[in-house]
Number of protein chains: 2
Amino acid sequence: MARRTKDEAEKTRNALLNAAEKVFYKHGVARTSLEQIARAAKVTRGAVYWHFRDKIEICEAMSNRIFLPQEDVLEHLASNASATPLDDLQKACCDSLKLIVTDKRRQRVVSILMLRCEYVEDMAAIMDRRRDCKNRMLDRFQRLFTQAHKRKMLQPHWPPQLAAVSLQALMSGLINRSLENPKDFDLAKMGPACLAAFFKSVQA
Amino acid sequence: MARRTKDEAEKTRNALLNAAEKVFYKHGVARTSLEQIARAAKVTRGAVYWHFRDKIEICEAMSNRIFLPQEDVLEHLASNASATPLDDLQKACCDSLKLIVTDKRRQRVVSILMLRCEYVEDMAAIMDRRRDCKNRMLDRFQRLFTQAHKRKMLQPHWPPQLAAVSLQALMSGLINRSLENPKDFDLAKMGPACLAAFFKSVQA
DNA sequence: TTGCATACATACAATCATGAATGTATACAG
DNA sequence: CTGTATACATTCATGATTGTATGTATGCAA
């Protein structure tokens with residue numbers, strides 16, 4: 001029990017976050033004690049309190065390790081003003097869904113944030129971050145649909161705002177359903193299929 | 001104090017459930033103690049334990065007071081095999097959204113179930129019920145879309161299953177967003193608008 | 001080599017929350 | 001009119017969790 005090098009400290013920090021993911025996933029955020037996290041990481045609560053102020057900070061760090069990449073996908077998508085905004089958007093959405101299917105860590109964390117977390121009081125901060133993330137996503141969507149609209153690529157009964165809101169709701173609903181029904185809902189198949197049908201309906 | 005009449009007992013039971021709604025909404029399910037619920041209902045924990053075995057039973061009773069009506073809407077919809085299945089479906093979905101907007105109790109409870117509840121361990125039973133409910137809803141949707149499909153009322157790129165899954169995801173996503181962003185998302189307007197556009201896209 | 005900051009482990013006090021046990025007054029059946 | 005089940009209130013024992021305080025060994029800088 002002695003001071004470790006900075007690298008090792010970073011390793012224990014990561015071990016703690018990995019442990020938190022597992023325990024949060026199994027028992028939910030509210031019901032896991034810091035002791036459980038510490039044990040799962042093979043350290044004591046001392047280490048936990050050294051690296052994090054409290055459970056919320058762990059939760060934030062855990063979600064920060066994950067959510068930004070997803071946001072990055074959308075940034076990347078919005079950066080290049082392409083001639084085929086709808087195709088780009090569809091592809092980006094599909095990729096985003098695929099990431100959740102293939103990346104087990106992301107899947108666990110998203111599942112924690114959607115089904116194993118209570119957004120109340122101090123935890124509301126985490127929700128704020130999710131909300132911001134979603135809003136920025138929605139903005140990107142809307143901008144792209146507006147581009148498409150200007151180029152007469154959108155069906156007239158799909159104003160850009162409606163399309164953006166619907167797409168986001170569709171995505172979030174699909175993810176939600178796949179996390180609620182991991183056994184009998186195949187997001188890898190249904191997700192892209194639904195998106196394809198949606199985009200086919202949307203474009204002129 | 002003393003034994004109350006059966007009517008009064010029923011009243012305290014309802015008072016407990018009302019109190020549970022409020023406290024769950026404010027503090028989340030996991031972090032509210034039975035004492036808090038009792039205090040909010042102006043009784044003691046004795047009354048709580050008399051009417052319910054534990055917190056989960058309270059939660060179940062609370063959700064049972066609410067969710068079945070919504071399901072009823074859909075049952076009602078499916079009962080009459082109409083000549084306009086898509087219009088019926090759209091109307092039923094709109095009505096369902098409107099109920100969440102107008103009925104504050106339903107809104108609170110749904111908000112608790114979606115954002116203030118951790119579906120883990122013993123609470124998984126509540127999730128099972130939600131899942132069943134959603135699956136039955138999906139079945140109804142799919143049956144109606146199949147009817148529409150047989151009558152050539154569906155666009156060819158919308159197979160009934162895809163349409164059903166998408167509609168359910170859309171609904172759930174819209175509700176979710178309105179509960180996450182109660183301030184700057186107007187479900188009463190956006191919900192019907194999105195549904196209208198969706199149904200216009202789906203039908204031939 | 002000393003000394004300090006680091007990276008934890010350990011110990012402690014205080015605070016709930018739970019479930020069960022027990023008390024109690026009264027509505028109602030007979 | 002009496003006894004019993006009811007509808008709670010009160011009390012108690014126990015355990016769990018938290019934050020903090022303190023201990024401690026060591027990496028590293030000077």
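Below, read A as the first sequence line, B as the second, and so on, with proteins coming before strands; counting in each chain starts at 1.
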* Hey, is the side chain of A:Thr12 poking within less than 4.0 Å of OP1 or OP2 on C:dC8, counting only N and O atoms? ->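 For C:dC8, OP1 or OP2 has a side-chain N or O of A:Thr12 closer than 4.0 Å.
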* Asked: How many Å lie between CG on A:Asn14 and P on C:dA7, as a whole number?
  ->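 Rounded to the whole Å, the gap is 14 Å.
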Salt bridge present between [X] and [Y] (N-O < 4.0 angstrom):
X        : Y        : answer
A:Arg105 : A:Glu21  : yes
A:Lys91  : A:Asp95  : yes
A:Arg31  : B:Glu118 : no

* To do: Mind running a 4.0 Å heavy-atom check of residues 30-59 of chain A against DNA chain D and sending the residues that fall below it, in number order?
  =>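 Result for residues 30-59 of chain A: A:Ser33, A:Leu34, A:Arg45, A:Tyr49, A:Lys55, sorted by number.
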For residues 40-49 of chain A, please give each side-chain donor-acceptor pair under 3.5 Å, one per line with the distance, not counting sequence neighbours.
residue, atom, partner, partner atom, Å
A:Thr44, OG1, A:Gly46, N, 3.3

* Fit a plane to each ring of B:Phe198 and B:Trp158, take the angle between them on a 0 to 90° scale, and name the class: parallel (under 30°), tilted (30 to 60°) or perpendicular (over 60°). => perpendicular
